[in-house]
Amino acid sequence: QVQLVESGGDLVQAGVSLRLSCSASGRTFRNYAMGWFRQAPGKEREFVAGMGWSEDSTLYASSVKGRFTISRDNAKNTVYLQMNSLKPEDTAVYFCAAKSSGGAYYTPSLYDYWGQGTRVTVSS
């Protein structure tokens, strides 16, 4: 069992940076691949970024590639999403998720555990 708690969401202006954190319970955190997803009002949940147990394996949505960076600290049971050059279209509730199975990072149904989400609002 893994419990995930996101934090770091805020109301910010376009162009600034923000870092989201996701703290995980459980001693087997390093066994899970981690992903960040987001859901904007009236839209479906979409993949943002994912990574394996190390930063050698990462994947980004094209809309955030080059601006967002996913990373993890297995000693702290925490995964991060560094978001730079934020745009109004990045406004959404951001969720972290953990999966123990293989398969694509961008497939929500493969994830076993989800956090409650943290809201990011980017004003123009």
Side-chain angles (χ1 to χ4, degrees):
Q1 186 80 7
V2 175
Q3 292 185 326
L4 304 173
V5 179
E6 302 95 335
S7 61
D10 204 350
L11 169 61
V12 297
Q13 289 190 329
V16 305
S17 298
L18 200 60
R19 188 177 79 161
L20 305 182
S21 300
C22 173
S23 296
S25 65
R27 293 178 291 179
T28 59
F29 172 74
R30 65 174 59 248
N31 294 338
Y32 289 85
M34 301 298 296
W36 284 97
F37 291 78
R38 67 187 182 186
Q39 187 165 18
K43 295 187 177 181
E44 293 187 353
R45 190 170 300 190
E46 65 173 359
F47 169 76
V48 175
M51 71 180 300
W53 70 275
S54 77
E55 295 174 5
D56 292 337
S57 176
T58 59
L59 181 69
Y60 296 92
S62 58
S63 59
V64 306
K65 194 171 185 179
R67 299 188 298 123
F68 291 11
T69 303
I70 186 172
S71 62
R72 66 191 295 166
D73 185 336
N74 289 329
K76 295 183 178 179
N77 281 11
T78 302
V79 63
Y80 304 97
L81 185 68
Q82 177 67 42
M83 305 186 295
N84 298 331
S85 302
L86 282 163
K87 304 175 181 180
E89 50 263 43
D90 295 319
T91 294
V93 177
Y94 285 71
F95 300 88
C96 72
K99 71 182 183 81
S100 59
S101 62
Y105 293 139
Y106 52 78
T107 304
S109 61
L110 295 179
Y111 287 81
D112 305 296
Y113 304 102
W114 291 83
Q116 83 291 346
T118 186
R119 185 175 302 276
V120 174
T121 303
V122 184
S123 63
S124 58

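Atom set for the values below is all heavy atoms of this structure, side chains included, hydrogens, waters and symmetry mates excluded. In this chain, residues are counted from 1 in sequence order.
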Smallest separation among heavy atoms of Met34 and Ala98, with atom names: SD-CB, 3.5 Å
Heavy-atom check, side chain of Leu110 versus side chain of Tyr105, under 4.5 Å: no
Could you verify whether a donor N or O on one side chain and an acceptor N or O on the other, from Asp73 and Thr78, lie under 3.5 Å apart? no
Can you confirm whether Tyr106 is buried at OH, in the sense that more than 12 heavy atoms of other residues, nucleotides or ligands lie under 6.0 Å from that atom? no
For Tyr60, is the NZ or CZ atom of Arg67 found under 6.0 angstrom from the centre of its six-membered ring and inside 45 degrees of the ring axis? no
State, with a plain yes or no, whether a side-chain heavy atom of Asn77 is found less than 4.5 Å away from one of Arg30. no
So how far is it from Tyr32 OH to Ser101 OG, rounded to the nearest 0.5 Å? 10.0 Å
What is the distance from atom OH of Tyr113 to atom OG of Ser25, rounded to the nearest 0.5 Å? 9.0 Å
Kindly say whether the aromatic ring centers of Phe37 and Phe95 come within a distance under 6.0 Å. no
Enumerate donor-acceptor pairs with a distance under 3.5 Å from any side-chain N or O in residues 39-46 to protein atoms, sequence neighbours excluded.
unit_1: Gln39; atom_1: NE2; unit_2: Lys43; atom_2: O; d: 3.1
unit_1: Glu46; atom_1: OE2; unit_2: Arg38; atom_2: NE; d: 2.6
unit_1: Glu46; atom_1: OE2; unit_2: Arg38; atom_2: NH2; d: 3.1

Are there over 12 heavy-atom neighbours, none belonging to Gln3, within less than 6.0 Å of that residue's CD? no
Parallel, tilted or perpendicular: ring planes of Tyr94 versus Phe68, cut at 30 and 60 degrees: tilted
Separation between CD (Gln13) and CG (Leu11), nearest 0.5 Å, reads 8.5 Å
So Val2 and Phe29, do their side chains get closer than 4.5 Å, heavy atoms only? no
Within the 4.5 Å heavy-atom criterion, are Thr69 and Leu81 side-chain neighbours or not? no
Atom pair CD/SG of Glu6 and Cys22 - distance to nearest 0.5 Å: 5.0 Å
Find out whether Thr91 and Val120 are in side-chain contact, i.e. whether some heavy atom of one side chain is under 4.5 Å from a heavy atom of the other. no
Any Val79 side-chain heavy atom under 4.5 Å of Ile70 side chain: yes
Is it true that a side-chain atom of Asn74 and a backbone atom of Trp53 form a donor plus acceptor pair closer than 3.5 Å? yes
At what distance, to the nearest 0.5 angstrom, does CG of Asp90 lie from OG1 of Thr121? 11.0 Å
Looking at OG of Ser21 and CG of Leu4, how far apart are the two atoms once the value is rounded to the nearest 0.5 Å? 12.5 Å
Does one hydrophobic cluster hold both Tyr111 and Tyr80, with members joined at side-chain heavy-atom distances below 4.5 Å? no
Heavy-atom side-chain contact between Leu20 and Thr118 under 4.5 Å: yes
If you look at every heavy atom in Val48 and Val64, which pair is closest and at what distance? O-CG2, 3.5 Å
Mind checking whether Trp36 and Phe47 have side chains closer than 4.5 Å, heavy atoms only? no
Applying side-chain contact (heavy atoms from CB on, under 4.5 Å), can you list everything that pairs with Ser17, at least two apart in sequence or on another chain? Gln82, Asn84
